[in-house]
Amino acid sequence: MKTLAFFSNPRRALWPCAARPLIFLFAFAIFAVPSCRGDDAAIAAANDLVHKLAAQIDVKSGVTIDLGDLTGHMAPSDLAATLQAMKDQLRDLGAPANVPGVTVRVTLTEDPTERMWVADFARRDQPDKPAVLIVAFARAAQSPSATSEYPVQIEARPVYDQVAPILDFLILKQDHDAVTEVLVLGTNSLSISDRFSNGWQVTKRVDIPSNGTVSRDPRGVIELSPQGMGNVYTAGQKCQLVLQPQKFTLDCAATNVGLETHFSGPTAAGCGNDQVKFAAGTGDYTEQDHLQAFAITDASHAMSATVNMPGPVLALFGNPARAVVRNLATGKYEAYDIRVTCNH
Amino acid sequence: MKHTTFALLAIISLLGVTIAAAATRPQYGGDLRVEMRERVNSMDPRDWNIEDTPDQMLDLVFERLFRLDDAGKPEPALGSLYSVSDNNTVWQFQLRSGVKFHDGTPLTAAEAATVLQSEIDPAEWVITNSGNLITFNCKVARVCLADLEERLATGHTYIFHAAQNTVYGTGPFRIVQWTPQKRLQLAASENHWGGRPFVDRIDITLGVNSQQLIVDLQLRKADVIELAPNLSRRADDAVGSRVWASAPVELYAMEFNAKKTSEHSAEISRALSFAIDRSVIANALLQGRGEPAGSLLPQWLSGYSFLFPTTQDLAQAKQLRAQVSGPVQLALVYDGNDPSAGIIAERVVLNAKDAGIVVSARPLRGTAADRDADLSLARLRFSTPDPKEALHEALQRFGAAPDIDANSPQRGTPEQRYIVERTALEGGGVIPLVFVPELYLLAAQVRDWMPPRWGGWRLEDVWLESGQRTTAENSKP
């Protein structure tokens, strides 16, 4: 269990993700590269908390950390890694290993916008008035997936999100697994967003002219050929799309062809020579939803386990398989790239 | 770095994009029947008593420049931010084009600016218009740093049009008939800028008592009812229905009369706080729907409220009581129309007695005697999920401590808010008791009931599943 031993080293968690390839090259070549799935933000914030603590109490007299999680979202391994990181940090600051000293209760908690570590402890001069230190930090994102004994495994990979509704999207560029450019169909525009070091930014945008029809449950779909030609369909409109390196245009006209025409038939994705189609649940928009793959030939034959999504699946398209979900926790619209792997 | 070109990755078949079944799509049509306990006096934003009308009712008919999204952040409604000066003293908002009031009058920046100025103190902000822009000029440095978009997304900053003694909004529903304290009938606004609502009509009946509300839902005379926390277990009897609960958004607290403080007020307040068994109030009296409160903000809003003790400590209460010689007798008043307030007040009386404090509770009578009571059972509904704004609301409501200076760079940190809240409670003027959620009981046919976490309605997104209701049920008795 080399990987486990690697993780059990508490100092490992203190290394930022960016430095891990170097760790791999120079120090631990015989071990697996440490995953960045650990809660680095939580550990960094916990280290900040230790520094604040050291400014308030004499850590050389000993400190006992009593760590808890009120959010219920942190994995036990991450919690253990955080505790160990704090202990190491205290030791570096001169705290003796086996002297209990001051007991500090450290609690992971959250408000609607951020997570926070809260430390409370009794001061020697005012034992009935606890001292409190708080360090806030960003929330963590999660990627739903399911593994099972089914022949097919599906993974829904979040690639993009925004506050405004997403009707459809396509991945335009990716660097290995990291999506760097997406084409996003909103309720009244088609835009290209690029990922920069400080997050996503809309770099190109064309408006879809209003045809006077506004729906409270808008739908739309993008078709695009490898040559960068295609169509965008919204309620009552068909727009010819040109998406080429120097050209990004939409030419819209009213159409009598209903959107439902484009939504007929199952979504299919290959897995070896077998074909599967995807389906979501039948709840309403208030309910968490799921994705599951079924056999093309027998719709009652589940080919994969269900993948729980963080909200209702509003759109589910094929070629390539993709879904739009409204995250019930954040209220944001999230674009998911759906991938299929074979378990055999 | 190797980028795969967009052309290679965006391999979409022109033979037909296909979709599989996603979540159930909404259906249009039907009448939604809502029943409430509250008696509402006004649906006119110009009235002095409009403050008592729940926002969720006004929001059906009237709109603001901004509204709160599901994360509690302001998002454009009738307006959007156009520009803001570096020092935050001049804000310009662009009005959404093509919007009409329910009488067909176009919404103009001139009318919007006039209406907003009638609602916002001109000593703080002077509001003018030019073309399709509305300009806010800040006159008081202390308010300039506040988030103006947030302010324009909450409170009574509605934009309306008055003509021939009638007031019109731009919201998703228009008023068909309004009988104060009894009934509000609304119809879908066909041309709402956000799309036509799914239901055709909404019929809101007011002033129904808590027990009758549940009976009406069971008899299928209502689709949505307000549910009192102390009756929430009875909801289990309503077959096919479901309860929707917000996060705990209301605080019940005891507030001392500032005019009747004595040299022993601090000890009495602390003794009373230790004497109260909040756990019984939350779990038994409010049937598990409450959350014991030791702080002004609930845990989900602040993240730190667990630091404030809520457990009963009778020994400590008696010890503090003993520091005050002679009898301690306090009069407590509460809202007699609120069934939860009555049972909470009764429990306070019992717990106080155990600590040697005599509290006599009675409902408010609307007389001068109410103002002479030593204690009042206050109810505060948080209107925002923003912790700093929610704390500001609580501090303003209870006058417990000065808020953090808006100019302070620390205003946004949880640690600073914790210190302010602790200081406020150490003053002893207010004793938090219990947090409660907003509760609704929904009939089976009600779909997409998806208000934000902090409560409300959003009835424009609700739809009714067809086939669930018979024709006879569609007509109100």
Side-chain angles (χ1 to χ4, degrees), chain A residues 70 107 109-113 116 118 120 130 132-134 136 163 170-175 180-181 183 214-218 221-228 230 243 262-268 277-287 289 312-320 330-331, chain B residues 1-14 16-26 69-73 75 98 172 191-198 244 299-304 306-307 385-387 413-415 418-419 422 447-450 452-454 460-461 463 465:
Chain A
L70 285 181
T107 309
T109 174
E110 62 188 347
D111 71 13
T113 55
M116 57 190 90
V118 178
D120 65 296
V132 172
L133 301 170
I134 303 176
V163 172
L170 292 173
I171 296 170
L172 296 183
K173 288 180 187 171
Q174 59 183 337
D175 179 15
T180 56
E181 187 170 82
L183 179 67
V214 182
S215 170
R216 198 163 281 283
D217 184 36
V221 65
I222 309 168
E223 294 177 347
L224 186 64
S225 74
Q227 291 74 35
L243 176 55
H262 301 276
F263 292 166
S264 59
T267 295
K277 59 184 175 184
F278 298 110
T282 55
D284 68 15
Y285 293 172
T286 64
E287 297 169 69
D289 211 339
V313 176
L314 303 176
L316 185 56
F317 299 100
N319 290 336
T330 64
Chain B
M1 182 184 290
K2 184 186 173 187
H3 277 119
T4 313
T5 63
F6 64 87
L8 289 175
L9 275 171
I11 299 171
I12 306 301
S13 166
L14 282 173
V17 176
T18 55
I19 185 173
T24 304
R25 288 191 65 177
D69 67 16
D70 284 348
K73 303 292 177 201
E75 66 175 8
N191 300 310
H192 186 252
W193 56 268
R196 182 201 193 274
F198 295 112
W244 183 86
Q299 172 66 22
W300 75 273
L301 253 178
S302 73
Y304 56 67
F306 72 95
L307 295 167
D386 182 329
T413 69
E415 190 171 288
Y418 164 76
I419 293 166
R422 191 172 71 182
R447 306 298 298 267
D448 279 355
W449 177 270
M450 45 186 177
R453 189 181 179 190
W454 62 94
E460 61 273 26
D461 291 325
W463 54 280
E465 193 163 18

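Just so it is clear: chains get the letters A, B, ... in the order the sequence lines come, proteins before strands, and each one is counted from 1.
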Item to check | Heavy-atom pairs under 4.5 Å with chain A, option from B/F198, B/W300, B/F306 with the top count | outcome: B/F306

Item to check | Heavy-atom check, side chain of B/D461 versus side chain of A/Y285, under 4.5 Å | outcome: no

Item to check | Heavy-atom proximity to chain A below 4.5 Å, by part of B/W193 | outcome: backbone

Next on the checklist: With chain A as the partner, which of B/D386, B/N191, B/L301 has the greatest number of non-hydrogen pairs under 4.5 Å?
Outcome noted: B/L301

Checklist entry - Residues two or more places apart in sequence or in another chain: which of them pass side chain to side chain contact (heavy atoms under 4.5 Å, CB included) with B/P387? => result A/D111, A/P112, B/R417

Item to check | Minimal non-hydrogen separation, A/R216 against B/P172, with atom names | outcome: NH2-CB, 4.1 Å

Next on the checklist: Is A/V132 in contact with chain B via its backbone, its side chain, both, or neither, using a 4.5 Å heavy-atom distance?
Outcome noted: both

Checklist entry - Does the side chain to side chain contact (heavy atoms under 4.5 Å, CB included) test come out yes or no for A/T113 and B/K73, once each step is laid out? => result CA-CA 10 Å; A/T113 55; B/K73 303 292 177 201; 3.8 Å; yes

Checklist outcome for this item: Turns out that what part of A/L70 lies under 4.5 Å from chain B's heavy atoms comes down to side chain

Checklist outcome for this item: Of all heavy-atom pairs linking B/R447 and A/D284, the shortest is NE-OD2, 3.2 Å

Checklist outcome for this item: Here the gap from B/Y304 atom OH to A/D120 atom CG, rounded to the nearest 0.5 Å, amounts to 14.0 Å

Item to check | Atom of B/G303, atom of A/T109 and distance for their closest heavy-atom approach | outcome: O-OG1, 2.7 Å

Checklist entry - Which region of B/Q299, side chain (C-beta onward) or backbone (N, CA, C, O), has a non-hydrogen atom less than 4.5 Å from a non-hydrogen atom of chain A, or is it both or neither? => result both

Checklist outcome for this item: Note: A/V163 and B/E75 closest approach over all heavy atoms is CG1-OE1, 4.3 Å

Checklist entry - Checking B/D69 against chain A: side chain, backbone, both or neither under 4.5 Å from a heavy atom? => result side chain

Checklist entry - Do you know the tightest heavy-atom contact between B/M450 and A/T286? => result CB-CG2, 3.6 Å

Checklist entry - Can you tell me how far CD of A/E287 sits from CG of B/D448, rounded to the nearest 0.5 angstrom? => result 8.5 Å

Checklist entry - Checking side chain to side chain contact (heavy atoms under 4.5 Å, CB included) for the pair B/W463/A/D217: CA distance, chi angles, key distance, verdict? => result CA-CA 11 Å; B/W463 54 280; A/D217 184 36; over 6 Å; no

